[in-house]
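What follows is a single structure, written as structure tokens, with notes after it.
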Amino acid sequence: MDGSDGLSTAEVAKRLGITQVSVRQLLDSGQLSVAGRVGRSILVDRASVERLAAAGTRRGRAWTARTAWAALALLSGQNPTWISPSEKSRLRSRLRQLDATAVCSLARHKDHTIRYRATTDALALLNSHLIASGATAMRDESTAETFGMTGGSGIAEGYVMTGDAQALADAFGLVEDPEGNAIIHEVELAEPFAEGRAPVAAVAVDLMGSLATRERSAGQRVIEGLLHV
């Protein structure tokens, strides 16, 4: 990347209201993407900054992937068998104290997300290898009804197990791109997807990471509803 649409760490810090040290930590964790370099200075991808600004930054330790998926399963009416009954009870109590923005922030380590650029033909093939999430999940009528949305064309977004993203990239000629049209979430836990689909709360959290206001609002609305069932 040439960094032509990149921001300096100082500009990012100002945009997000955090320190430059925090910006570097977000880059290290993958929550922000590097657009390029000018000399020894890092340039941060503008789209990744705007996604994080839309979702909101929140101080405090994020849940582990195991706990994040347990929380999303509970919100989705599922039974997270990979945590103990006592952990489940504590997590239910914690969820009653949160709002949608907090859930989205605390669950940020649920997966490792990689964005790619794919051709139209590759997108169609890729979707058949992913457990759909985000806007792509709206291809399912019942999911679309839950979120009050339709569409999902023009992109591919979904989950695979850790290590599978590179294999798919090689198979379909995907090129890493922070603003790409193919979003792959790698996960280490298979249990949350036992029903062959992503928990509705995970779909909602992924929508909250969108730059599209309508998608972000739909995700937030669904999480708020699940928190107050």
Side-chain angles (χ1 to χ4, degrees), residues 9 12-13 15-34 42 44-45 47-76 78 80-84 86-115 131 133-134 157-163 165 178 183-193 198-211 215-216 219-224 226-228:
T9 55
V12 175
R15 174 72 179 91
L16 298 178
I18 58 178
T19 66
Q20 290 190 61
V21 171
S22 295
V23 172
R24 294 187 185 94
Q25 290 172 340
L26 291 168
L27 285 164
D28 289 342
S29 70
Q31 293 180 77
L32 291 174
S33 302
V34 175
I42 294 172
V44 185
D45 174 67
S48 70
V49 174
E50 293 307 317
R51 278 192 294 271
L52 193 58
T57 56
R58 192 182 185 94
R59 292 180 179 174
R61 182 177 298 177
W63 286 321
T64 64
R66 178 173 167 274
T67 301
W69 282 110
L72 296 174
L74 285 172
L75 287 173
S76 304
Q78 299 172 356
T81 56
W82 56 93
I83 63 173
S84 68
S86 60
E87 288 175 306
K88 213 175 300 182
S89 178
R90 287 194 298 271
L91 192 52
R92 282 198 181 97
S93 297
R94 180 82 171 101
L95 287 168
R96 286 195 286 269
Q97 302 168 17
L98 302 176
D99 59 17
T101 300
V103 169
C104 186
S105 178
L106 289 167
R108 63 186 180 269
H109 291 165
K110 67 181 174 63
D111 61 59
H112 174 60
T113 300
I114 312 170
R115 291 174 179 263
I131 296 179
S133 190
E157 180 172 4
Y159 289 91
V160 298
M161 297 305 295
T162 297
I183 307 166
I184 300 180
H185 304 279
E186 286 194 324
V187 294
E188 295 181 356
L189 283 174
E191 291 89 341
F193 307 94
V200 65
V203 175
V205 165
D206 291 334
L207 281 173
M208 286 181 67
S210 171
L211 289 179
E215 293 178 3
R216 193 166 63 248
Q220 183 167 356
R221 183 178 66 252
V222 167
I223 290 290
E224 291 291 356
L226 296 173
L227 285 167
H228 296 98

Worksheet item: Does a sphere of radius 6.0 Å around CD in Q20 hold more than 12 heavy atoms from other residues, nucleotides or ligands, not counting ones at 6.0 Å or beyond?
Response: yes
Discussion item. For R108 and S105, which I'm curious about, is there any donor-acceptor pair between the side chains at under 3.5 Å?
Written reply: yes
Worksheet item: Which pairs pass salt bridge (charged side-chain N to carboxylate O under 4.0 Å, His left out) with one or both residues in residues 62-73, sequence neighbours excluded?
Response: R66-E87
Item to complete: Search all heavy atoms of A68 against all heavy atoms of K110 and return the closest pair with its distance.
Response: CB-CB, 3.9 Å
Worksheet item: To the nearest 0.5 Å, what is the distance between CD1 (I114) and CD1 (I183)?
Response: 12.0 Å
Discussion item. Under 3.5 Å, is there a donor on one side chain and an acceptor on the other for S93 and R96?
Written reply: yes
Worksheet entry | Set of side-chain hydrogen bond (donor to acceptor under 3.5 Å, both in side chains) partners for T162, sequence neighbours left out | none
Fill in: Minimal non-hydrogen separation, A165 against I184, with atom names
CB-CG2, 3.9 Å
Worksheet entry | Pair S22, T19: side-chain N/O donor-acceptor within cut-off below 3.5 Å | yes
Worksheet entry | side-chain hydrogen bond (donor to acceptor under 3.5 Å, both in side chains) involving S133 - partner list, sequence neighbours excluded | D206
Worksheet item: Any side-chain donor-acceptor pair under 3.5 Å between D99 and T101?
Response: no
Discussion item. I want to check something: taking the side chain as every heavy atom from C-beta on, are W82 and W69 in contact at a cut-off of under 4.5 Å?
Written reply: yes
Discussion item. Minimum heavy-atom separation for P199 and F193, please, with both atom names.
Written reply: CD-CE2, 4.2 Å
Fill in: Pair E157, H185: side-chain N/O donor-acceptor within cut-off below 3.5 Å
yes
Worksheet item: Do you know the tightest heavy-atom contact between P80 and K88?
Response: O-CE, 3.8 Å
Item to complete: Applying side chain to side chain contact (heavy atoms under 4.5 Å, CB included), run through L72 and V205 and close with a yes or a no.
Response: CA-CA 9 Å; L72 296 174; V205 165; 3.9 Å; yes
